[in-house]
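Throughout, numbering of the chain's residues begins at 1 and tracks the sequence. Numbering of ligands and ligand atoms starts at 1, following listing order. Fair warning: this is a prediction, and the values are worked out from it, not measured in the lab.
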Amino acid sequence: MSKNSRGVLDIPAWPQFGDAERAGLLRALEQGQWWRMGGSEVDSFEREFAEYHNAEHILAVTNGTHALELALQVLGVGPGTEVIVPAFTFISSSQAAQRLGAVAVPVDVDPVTYCIDPVAVEERITSRTRAIMPVHMAGRLADMDALGKISTNTGIPLIQDAAHAQGSEWNGKKLGELDSVAAFSFQNGKLMTAGEGGAVLFPKGEQYEAAFVRHSCGRPRGDLRYLHATSGSNFRMNEFSASVLRAQLSRLDSQIETREERWPLLHRLLSEIDGVIPQGRDERNNRNPHYMAMFRVPGLTEERRNEMVATLVERGLPAFAAFRAIYRCDGFWETGGPDETVEELARRCPVSEAINNDAIWLHHRTLLGSEQLMHDIAEIVADVVATL
Ligand SMILES: *Cc1c(COP(=O)(O)O)cnc(C)c1O
């Protein structure tokens, strides 16, 4: 095993940082203007992040949850509307819709990619559906061809929850070329980070302008007379965060390359373990940034899975239980869910139900480690599975 001098597995730390982040923070500090209306770091970051995704318009915001909320609002989501979301996701996907007074309608996910199932989406479209939210789980893109077709046929826009998908590609296209809105997160664990932060990619300039006004308390750009033309809130990113994110963006490609090299090896080694099935990938998703190394141990109960996670952690791995199906969280029901019981939703979402119990993920920093580390991880997982 590859252990470091303290006798623990040699897994790279996260977040990674260096002189570029230090220089950025000092630059922001010495500007003497620490908010975006006075400084230039947020503007520069938006431009650079847009260029990276071949997108025309990117608006930086406070965090990924706000990014989703703002994007949904710009798409017309509000009271009396519905947003279709995958049942297997981080709760922000549904919370963003619910904060706007809309109903979040959970549908099942694909058993291979753990991303929203387009057939299940079609079944749940009603006259009230105002948006469809594919979540790119662990960087794997949802089936953007099938979802794009549904969107074109129905006129219902897609809003990509791309919190895990910076730098992901579909058929050689970057996220800015997929003709739909996408929301990113820069929270501490994400693929690039300033501790907290978010961004929204808009294909249309009018959408970006509408979002800009709303993310700054409804104030038109340059307003000095407190006009507040629309409702809104303060979702503005600060200059320090943007300066760090510019540096983080410059690290992203080489980190993706390392993870793209490591994952096929880890995937093969995990596949060879009896009872373990690693997360799969749609071939059209030609580039994957690998947020999380996920696998299932089908047949585990939630309790046994949680025990397995605890044992993996004891053995030195940054292992976690997968997201709970959103309708199994009390908070999901607080503002009124769809007109169904948990049992009915569970019957409609058998894959999410299974993953809810049997999926485990490892932090993406594992995939920045050595080839030897992939062997060590697989050995530990095999040991633990053998004792189940
Ligand atoms: C992290 C995350 C978010 C929310 O991002 P924050 O920046 O933490 O608010 C949204 N969706 C998914 C799938 C996430 O993992």
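- Remark: among candidates His66, Lys190, Gln187, the nearest residue to atom 14 (C) of ligand 1 is Lys190, based on non-hydrogen atoms.
- Take Ala194 and apply the side-chain contact (heavy atoms from CB on, under 4.5 Å) test, not counting sequence neighbours, and it matches Ser241, Val244, Leu245.
- Taking the six-membered ring where the residue is Trp, Phe323 and Phe88 present tilted rings, their angle falling between 30° and 60°.
- Residue Leu368 is not grouped with residue Met292 when hydrophobic side chains (ILVMFWY) are merged at heavy-atom distances under 4.5 angstrom, including chains of intermediate members.
- For Leu68, no nitrogen or oxygen atom sits less than 3.5 Å from a nitrogen or oxygen atom of ligand 1, counting backbone and side chain alike.
- The cationic group of Arg140 does not satisfy the cation-pi geometry with Tyr114, failing either the under 6.0 Å distance to the six-membered ring centre or the 45° limit from the ring axis.
- In this structure, of Ser94, Gly189, Ser92, the residue bringing a heavy atom nearest to atom 4 (C) of ligand 1 is Ser92.
- Between Phe212 and Tyr208, the ring-plane angle classifies as tilted under the 30° and 60° cut-offs.
- Heavy-atom contacts of Ser185 reach the following atoms of ligand 1: 1 (C), 5 (O), 6 (P), 7 (O), 8 (O) (cutoff under 4.0 Å).
- Note on ring orientation: taking the six-membered ring where Trp is involved, the planes of Phe186 and Phe49 are perpendicular (angle over 60°, cut-offs 30° and 60°).
- Residue Gly197 has at least one heavy-atom neighbour below 4.0 Å for each of these atoms of ligand 1: 7 (O).
- The backbone N or O of Glu41 sits less than 3.5 Å from a side-chain atom of Glu239, completing a donor-acceptor pair.
- Ranking the protein heavy atoms by distance from atom 9 (O) of ligand 1 puts Thr65 OG1, 2.5 Å first.
- Ala67 does not count as a contact of ligand 1, since none of its heavy atoms falls under 4.0 Å from the ligand.
- Looking at His164 against ligand 1, only its side chain comes within 4.0 Å, counting heavy atoms.
- Residue Ala163 approaches ligand 1 through these ligand atoms, each under 4.0 Å from one of its heavy atoms: 2 (C), 3 (C), 10 (C), 11 (N), 12 (C), 14 (C).
- Looking at ligand 1, you won't find any N or O of Thr89 less than 3.5 Å from one of its N or O atoms.
- Hydrophobic cluster membership is shared by Ile11 and Val313, with clusters built from Ile, Leu, Val, Met, Phe, Trp and Tyr side chains linked at under 4.5 angstrom.
- Shown in contact with Val135 at under 4.0 Å from a heavy atom are these atoms of ligand 1, numbered in order with element: 13 (C).
- Contacts of Asp161 with ligand 1, taken as heavy-atom pairs under 4.0 Å, involve the side chain alone.
- Set against the non-hydrogen atoms of Phe90, the atoms of ligand 1 under 4.0 Å away are 2 (C), 3 (C), 12 (C), 13 (C), 14 (C), 15 (O).
- With sequence neighbours excluded, the residues satisfying side-chain contact (heavy atoms from CB on, under 4.5 Å) with Leu388 are Val297, Leu300, Arg304, Met308, Val385.
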